[in-house]
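Keep in mind the model is a prediction, meaning the values are calculated, not measured.
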Amino acid sequence: MKVDEAIDKARAVIKAAAMPRRHANAEDAINLAYASGRQWKWLQDAPSGVRMLRQLHQVHDPARTDIRVVMDVISRNVRRTVASLKPTRLASKVFMRGQSAADLVAKHVYAGVMDEFYASDQQNALSLARWVHKPRCILGSAGIRRRIVTEGRPIQLALETATEQKPGPLNLRTLRVKWAQVFPWEVIRDPGMTQADPRTADEIVGLENPQTVAWIGRNFNKSIQTDTTLGQLMDTMDQIRRATGWTLSGHAADSKLPGVLTYEFWLQDAETPFWPWHLIGYCDPSKDGPDGEIQPLWFGRNYYHGLPVELLHFDTRVEGQRARGMVELMRSIQDVRNIAVSIMLRHIIEQTPKWRVQEGTIEQPSAALTNRSDRPIIFRRNQPTDHIPDRVAGVPGSPVADALWGGLRDEAMESVNLSGVQLGEMVSRGPAKAYASQVDQADLPLADLRKDDELAFNRLLTGTLVDIIDVSYRTRRDIAERELSDEYSVEQIDTALARPAAVTVREVRIQQEVLHPRAPQQVEDNFMRLAQQKIIEPREAFHEMNLQAGIVNDTRASEARQRQEIEIESILVGRPVSVDIFEDHWTSRRVIEEFGATARFTNLPEEARAAIRRHWAEHKRSEAGLEMFDQISRTVAPPEPGEPSPPAPPQDEGLSIGGAAPVLQSA
């Protein structure tokens, strides 16, 4: 594919998708408004064809008949559902295509690469994995994309490898793989594509984002002169901010930085599937208009492993690219709730008795009759006789609003498959078995969402691993060795990087407990039941509770875990570590055993591993000595006053090693 052909396809899909995107973006604006509790808004078609968001403000004057009341239930249901879907950590398992010795070594290294990716604060992977669920529940769709960025400074190359046989700095920097957020309004797809997953039939998929000319100059070394400001390109975002009530410190449209619209497209090819082409370009609306020419910044083979965009959906539409969010499903129910409450409030005002006073009999009746619900009723008499002020009963209320209000709660919950048990209700009603059944039924819709998330995250993690190995590490072997040498040997790194990961990796699967995390109470109940049934020891149950959910049933054990982790690092740097007999040896040994099962321990020098094993043995001997001392103190009665002490039992020679001997001998 040539660059001109790619630009023509990109320009055609931008033009075809322009109007559907404007309508969808207007829907996004009103959904965000409802999700923030700022309702009583509507979409109005403007003469230009753009749909604008209008608002009917709340009126608090009881004399007004157009009073509106907002009883917001959408936002709390969104928060509850989002909290049920957010992962608390990231963990996965790597599957290889082959089972040879080289494949097993590569699998070993790849697993560590993914663990390092999750643990890196710079990547911010967990934050994005948690964040994506909120716009997904509100807007219906949201996503994460893989992006490749350059880090570091140009390096000085030798004479024989420099450009044009002259020494000089070449732009060989570290290519980092990171994640970035994707909002629905950024995605450009042909309107003829009617499936939520762009892999089904799309030939071209793009993303649109406003960027400053300084950003383009910094990343692509291209200077652009434009009269367009970044604020002029942020109309959609500014409309959303106005809709959600952000009016305190200015709008995005206030930005005066020079900017252009940047586009990034991935294209299919009839000869080479799997998204082989990648186009990056920009459009200057001040010169070419919003649907004008695309100036290329880069075009070539796709660096990424397939399509780097993964979308998560809430409620997929039939024959639609975007899904429906919770807000769209609950909007009509919310409007009826607000109407019912507004009617009820008006009836309260109208039912309140009012003063009736003859004109001219009282000066300033509004001030004199202070217990008013509103202004008094003033009337004139044809006869000169004065009328003493009295109270007039209000208009009788209507049962319609009460009837509406009574059945709306269940309707709202059923519209998004939410159950009261998910909101913490019905906890103490009925037997525990019935409650557990309600919990299982309530989790069914969430389980279906989590299954879709699992498939999307599997593709995302698989592409991330392949990109890290093939783009970042295989292009800069020195970077790979520097970042992996603490965990793996040079031979293992060479074996893992010998072949492209795109060829050797079959799939990276996210672990089930990541997408369905158990609450601390669930973890505690599960292990307490196992301990009561004598399936595991109580101490083991307490240890796993602390490890899996941070539940501290034994403060001493929790402190012992932290102390032992510090001692392991001290041993590895050559610092002496002593073992005291009164430590929690069981917990210390467990921490050492967990460390012994890691890749880091396997790749340590033999002398370092031997030091860790000796430290484990010291805890084992000290634990045995403490148990023997406790047994002796229980079996040997203390001497009577004035009688000699019994002879000390013979010492075990094995107890003379480590920290146990001095304590036992003194005892």
| query | Do any N or O atoms from the side chain of Q268 and from the backbone of W275 form a donor-acceptor pair under 3.5 angstrom? | reply | yes

| Listed by chain and number, what are the ring-ring contact (aromatic ring centres under 6.0 Å, His included) partners of W131, not counting sequence neighbours? | F183

| request: Please report the closest heavy-atom contact between A480 and I493, naming both atoms and the distance. | output: O-CD1, 4.4 Å

| task | For the pair S84 and H133, evaluate side-chain contact (heavy atoms from CB on, under 4.5 Å) and give the outcome as yes or no after the intermediate values. | result | CA-CA 10 Å; S84 301; H133 296 284; over 6 Å; no

| message | Check the orientation of W179 and F457. Use parallel for under 30°, tilted for 30 to 60°, and perpendicular for over 60°. | response | tilted

| query | Does L461 reach the side chain of L90, with side-chain heavy atoms less than 4.5 Å apart? | reply | no

| query | Do I188 and V205 come close enough that some side-chain heavy atom pair is under 4.5 Å? | reply | no

| Any Lys/Arg nitrogen of E507 or K93 sitting under 4.0 Å from an Asp/Glu carboxylate oxygen of the other? | no

| message | Can you confirm whether more than 12 heavy atoms, excluding those of K107, are under 6.0 Å from its NZ atom? | response | yes

| request: May I ask you to decide whether R459 forms a salt bridge with E454, counting only side-chain N to carboxylate O separations under 4.0 Å? | output: no

| message | Rounded to the nearest 0.5 Å, what separates atom CD in Q492 from atom CG in L484? | response | 10.5 Å

| query | Within a reach of under 6.0 Å around CD of E569, are more than 12 heavy atoms found that belong to other residues, nucleotides or ligands? | reply | yes

| said: Within the 4.5 Å heavy-atom criterion, are L139 and W185 side-chain neighbours or not? | reply: yes

| request: Say whether, by atom type as modelled, one donor and one acceptor occur between the side chain of T475 and the main chain of S472 under 3.5 angstrom. | output: yes

| query | Are the side chain of R322 and the backbone of P184 linked by a donor-acceptor contact shorter than 3.5 Å? | reply | yes

| message | Among K86, R136, R130, which residue satisfies the salt bridge (charged side-chain N to carboxylate O under 4.0 Å, His left out) criterion with D453? | response | R136

| said: Between Q295 and Y282, does the side-chain hydrogen bond (donor to acceptor under 3.5 Å, both in side chains) criterion hold? Intermediate values first, please. | reply: CA-CA 5 Å; Q295 304 298 327; Y282 74 93; 5.1 Å; no

| message | Per the salt bridge (Lys or Arg N to Asp or Glu O under 4.0 Å) rule, what does the pair list look like for residues 209-224, sequence neighbours excluded? | response | none

| Salt bridge E483-R176, side-chain N to carboxylate O under 4.0 Å | yes

| message | On the six-membered ring of Y118, is R89 placed so that its NZ or CZ lies under 6.0 angstrom from the centre and within 45° of the ring axis? | response | no

| said: Within the 4.5 Å heavy-atom criterion, are V260 and I216 side-chain neighbours or not? | reply: yes

| query | Would you call the rings of H108 and Y488 parallel, tilted or perpendicular if under 30° counts as parallel and over 60° as perpendicular? | reply | perpendicular

| query | So, S489 side chain and S485 main chain: donor-acceptor pair closer than 3.5 Å or not? | reply | no

| task | State plainly whether the residues E310 and R145 are in salt-bridge range, i.e. N to O under 4.0 Å. | result | no

| query | How about Q99 and L104: do any of their side-chain heavy atoms sit closer than 4.5 Å? | reply | yes

| Expected output: side-chain R97 to main-chain T504 donor-acceptor under 3.5 Å | no

| Can you find a heavy atom in the side chain of I612 that is under 4.5 Å from one in the side chain of F601? | yes

| query | Is any side-chain heavy atom of V182 less than 4.5 Å from a side-chain heavy atom of I144? | reply | no

| task | Determine whether the side chains of N124 and S127 contain a donor N or O and an acceptor N or O closer than 3.5 Å. | result | yes

| message | Please check: side-chain N/O of N302 versus main-chain N/O of W266, any donor-acceptor pairing under 3.5 Å? | response | no

| The single option from Y303, Y304, F299 passing ring-ring contact (aromatic ring centres under 6.0 Å, His included) against H278 | Y304

| query | Does R146 use its side chain to pair, donor to acceptor, with the backbone of H305 at less than 3.5 Å? | reply | yes

Under 3.5 Å, which donor-acceptor pairs do the side chains of residues 494-503 form with other protein atoms, sequence neighbours left out?
residue : atom : partner : partner atom : Å
D494    : OD1  : R477    : NH1          : 3.3
T495    : OG1  : E491    : O            : 2.9
R499    : NH2  : D103    : OD1          : 2.4

| message | Please determine whether a side-chain nitrogen of the Lys or Arg among D4 and K2 lies less than 4.0 Å from a carboxylate oxygen of the Asp or Glu. | response | no

| said: Strictly distance-based, threshold 3.5 Å: is any side-chain N or O of T262 a donor or acceptor partner for the main-chain N or O of P210? | reply: no

